[in-house]
Protein chains: 2
Amino acid sequence: MIEGDAPTRRTAPATLHDVAREAGVSLATASRSLNGSARKVNEEYRERVLAAAAKLGYTPNLSAQAVARGTSTTVALLVADIADPYFSSLAAGVVGAAGDDRLIVTMAETKRDSARELELVRAMRGQRPRVMILAGSRDIGDPNAAALEAELTAYEQTGGRAVFVSESDLPFRTLPLANRAGGRDLAVALHELGYRRFTALAGPETLRTAHDRIAGFAEGLASVGAQLPADRLVRSSFTRDGGYDAMRRLLEAGIGDTQLVFALNDVMAMGAMSAIRDAGLEPGRDLAVAGFDDIPTVRDVTPRLTSVRMPLERIGEQALRLALEDGADAASARASSTDVSTEVVLRESTPGPAA
Amino acid sequence: MIEGDAPTRRTAPATLHDVAREAGVSLATASRSLNGSARKVNEEYRERVLAAAAKLGYTPNLSAQAVARGTSTTVALLVADIADPYFSSLAAGVVGAAGDDRLIVTMAETKRDSARELELVRAMRGQRPRVMILAGSRDIGDPNAAALEAELTAYEQTGGRAVFVSESDLPFRTLPLANRAGGRDLAVALHELGYRRFTALAGPETLRTAHDRIAGFAEGLASVGAQLPADRLVRSSFTRDGGYDAMRRLLEAGIGDTQLVFALNDVMAMGAMSAIRDAGLEPGRDLAVAGFDDIPTVRDVTPRLTSVRMPLERIGEQALRLALEDGADAASARASSTDVSTEVVLRESTPGPAA
DNA sequence: CGAGCGTGAGATAGCGCTTTCCCGCAGGAT
DNA sequence: ATCCTGCGGGAAAGCGCTATCTCACGCTCG
């Protein structure tokens with residue numbers, strides 16, 4: 001047999017069949033030995049199978065298992081932007097929790113486009129994932145909402161479980177985030193520090209998360225007799241550059257008597273601080289800034305940023321748990337939001353107004 | 001038929017079989033219509049099938065396709081820590097590029113543990129991914145290296161493609177990162193600014209990436225007649241907290257005549273800057289700081305951080321491209337590193353030594 | 001001492017697909 | 001007219017598994 005010294009050729013991966021033959025047992029026995037089925041198998045056989053599997057470097061074909069079993073071990077995760085610390089922390093939580101349950105997570109980016117999101121949901125359905133976690137925020141009045149609902153309803157009818165992180169109007173399991181309460185608490189805390197006149201750097205008007213945070217903030221101010229006038233809102237995109245840009249425009253238009261700028265999330269706040277500096281002012285001293293989310297890096301910016309802590313990794317874990325836990329109808333299945341409650345963290349970016 | 005008003009029950013997803021029946025054609029025809037096989041199918045039949053598929057909300061079962069075709073459309077991505085901006089940017093690049101090719105990416109975290117990494121590679125092999133991207137840095141003298149090599153060799157023999165991002169000693173496709181050259185350029189640039197006495201905040205001694213950056217930095221200094229004494233190296237973990245901690249220890253021990261601290265990556269640098277501030281000093285003015293990677297947030301810290309730009313998203317894309325492109329033997333298959341070349345970005349954290 | 005039974009290994013029927021292979025049916029060449 | 005060819009639909013054989021079913025074997029029990 002002159003195969004020469006040709007390099008080892010491409011071979012098909014070892015199959016269960018190969019293992020069974022190598023061990024001299026039936027396919028059924030091999031399968032039972034390697035995955036701990038309900039049935040018992042003779043210890044001697046079991047060892048033979050295990051040895052054969054190790055020898056051949058056998059790894060069960062997950063796809064085949066999924067087909068045969070009719071269930072997969074996949075978790076599908078949809079985020080707006082992976083590079084955004086908010087989503088990457090959340091993803092870390094999901095991936096971590098999934099690993100504990102030996103689930104595999106597949107991930108895709110919606111890029112904040114609901115049409116794209118819809119398309120992705122369709123595509124991911126093909127994986128027959130056990131759960132699907134939608135972490136991008138919802139748009140109010142999203143024209144694709146109905147289609148998305150239909151798609152997810154179909155998905156759930158076929159045994160899947162959809163979970164939204166943060167409020168949605170859709171009838172699926174939801175991990176509510178305390179955006180509103182957080183906004184409220186922040187407003188009260190800032191008021192207590194002595195701040196009275198605020199301007200908000202808001203995300204797109206339709207973004208549910210942005211809406212809730214602003215609404216909460218306004219409520220909080222109202223509760224202490226202050227207010228956030230409607231003209232004190234600058235709209236932009238929900239990103240770092242959006243924050244920078246909004247702040248720049250605000251400064252150009254004149255900040256009036258604003259004492260504190262509330263950016264609706266930390267990355268926007270960081271952009272805003274840079275814009276403030278680029279205008280020759282000192283954030284914190286000349287103009288206070290507050291953010292939202294408390295992403296890790298806000299501890300390392302100067303001045304350290306006041307924010308509302310969202311336990312992002314934990315939220316990711318909880319989202320998966322919520323999806324996995326059985327029973328209860330979707331409507332009532334909202335995680336106890338105490339688990340993911342927020343907390344205002346006051347730092348140097350809000351030193352209190354000049355005396 | 002009295003089904004009552006029972007809520008719609010859980011049903012199995014529509015199968016290709018259902019679609020074929022609905023359309024009144026054979027399974028084969030349905031399959032051919034929905035996936036554009038080599039064979040043509042009568043336009044009228046095709047439309048009937050497409051209509052039936054739409055009506056039933058059919059989505060092809062990817063697992064079944066993978067089993068039948070013998071190939072998957074999965075990309076497996078291994079990173080050290082998803083929440084780390086370095087890896088999340090890289091992941092964004094991979095996910096983006098994968099989306100263009102209609103590939104699905106599954107993701108796992110090694111937590112910088114090579115034993116865990118090995119285990120994950122094994123597990124992911126079960127998915128029969130088309131490519132596997134290992135993005136965590138290699139350890140020099142990693143005791144699991146041989147086992148990893150064996151595992152990946154087996155993987156490639158069965159038709160998969162493994163790619164390392166950044167240098168490894170293992171014989172697989174590699175996307176080399178210009179860690180050494182970047183370190184060299186940085187050293188020269190800093191020297192040119194007038195800095196002469198440096199201390200490095202290094203990652204673990206065994207981390208290949210850290211090693212290369214330091215080595216390049218030392219080389220760069222040597223090339224201009226300066227040097228980095230061996231006792232000017234503080235070891236710690238490769239994270240933000242590692243940077244903070246190393247800097248704290250350095251300050252406690254006394255920084256001597258050090259003019260500039262070179263943190264081996266940006267998150268460490270950010271930690272270090274916080275440590276400097278917590279010690280009552282002003283980064284940039286009292287002690288210059290330089291980082292590496294140029295992650296997005298370094299534009300927003302104060303002072304803005306001097307760094308070496310690594311086009312992370314692009315690197316992620318390239319890694320996938322490299323994995324996908326066929327031909328050539330693994331050894332020679334290294335991406336042209338010009339595509340992912342680095343660039344020193346001087347900013348305010350290195351204003352030049354006091355005159 | 002034979003019927004009944006639990007045990008556990010093996011054969012086999014799927015799971016939802018793809019992809020041969022087979023065949024009947026035009027249409028062109030002879 | 002006859003033969004061959006190309007075309008395209010359908011039957012069916014897998015793909016790598018799991019789970020049901022079958023069945024031989026060694027027991028216990030009356």
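The model shown is predicted, which means the values in this text are computed figures rather than measured ones.
We find that A/Arg321 and A/Asp101 are joined by a salt bridge, their nearest charged nitrogen and carboxylate oxygen being less than 4.0 Å apart. For the pair A/Arg138 and A/Glu117, the salt-bridge criterion is met [side-chain N within less than 4.0 Å of a carboxylate O]. Classification of A/Glu43 and A/Arg46 as a salt-bridged pair holds, one side-chain N sitting under 4.0 Å from a carboxylate O.
For D/dG16, the base has no donor-acceptor partner in the side chain of B/Arg128 [N/O atoms by modelled type, under 3.5 angstrom].
Tested against A/Leu324 for a side chain to side chain contact (heavy atoms under 4.5 Å, CB included), the candidates A/Leu103, A/Val75, A/Val163 yield a single pass: A/Leu103.
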Show, in sequence, the C-alpha distance, side-chain angles and deciding distance for B/Gln127 and B/Thr106, and conclude whether the side-chain hydrogen bond (donor to acceptor under 3.5 Å, both in side chains) test is met. CA-CA 9 Å; B/Gln127 305 175 42; B/Thr106 76; 3.2 Å; yes
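Looking only at atom types and distance, the side chain of A/Ser114 has no donor-acceptor partner in the side chain of A/Asp139 under 3.5 Å away.
Under the 3.5 Å distance criterion, the side-chain polar atoms of A/Ser72 are matched with a main-chain donor or acceptor of A/Thr74.
Looking at heavy atoms from C-beta onward, A/Thr110 lies out of side-chain contact with A/Val79 at the 4.5 angstrom threshold. Counting only heavy atoms from C-beta outward, the side chains of A/Leu134 and A/Val165 never approach each other to under 4.5 Å.
Closest contact between the side chain of A/Leu27 and the listed nucleotides D/dC17, D/dG10, C/dG10 involves D/dC17. Closest contact between the side chain of A/Tyr45 and the listed nucleotides C/dT19, D/dG8, C/dG10 involves C/dG10. Distance from the side chain of B/Ser31 is smallest for C/dT19 among the nucleotides D/dC17, C/dT19, C/dG16.
For the helix from C/dC1-D/dG30 to C/dT30-D/dA1, the axis fitted to the five pairs at one end and the axis fitted to the five pairs at the other end meet at an angle of 50° (nearest 10 degrees).
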Extract all donor-acceptor atom pairs below 3.5 Å that involve side chains of residues 53-62 of chain A and protein atoms in other chains or at least two apart in sequence.
residue : atom : partner : partner atom : Å
A/Lys55 : NZ   : A/Glu22 : OE2          : 2.8
A/Asn61 : OD1  : A/Ser63 : N            : 2.9
A/Asn61 : OD1  : A/Ala64 : N            : 3.1

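Looking at residues two or more places apart in sequence or on another chain, you find a salt bridge (charged side-chain N to carboxylate O under 4.0 Å, His left out) between B/Glu151 and B/Arg122, B/Arg125.
The shortest heavy-atom contact between A/Asp18 and A/Pro13 is OD2-O, 4.2 Å.
Of the two residues contacting DNA chain D, namely B/Val67 and B/Arg32, the nearest-nucleotide position lying further toward the 5' end is that of B/Arg32.
The stretch residues 48-65 of chain B has no heavy atom under 4.0 angstrom from DNA chain D at all. Contacts between residues 13-25 of chain A and DNA chain C, counted as heavy-atom distances below 4.0 Å, involve A/Val25.
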Protein-nucleic acid N or O pairs under 3.5 Å, nucleotides 23-27 of chain C:
none

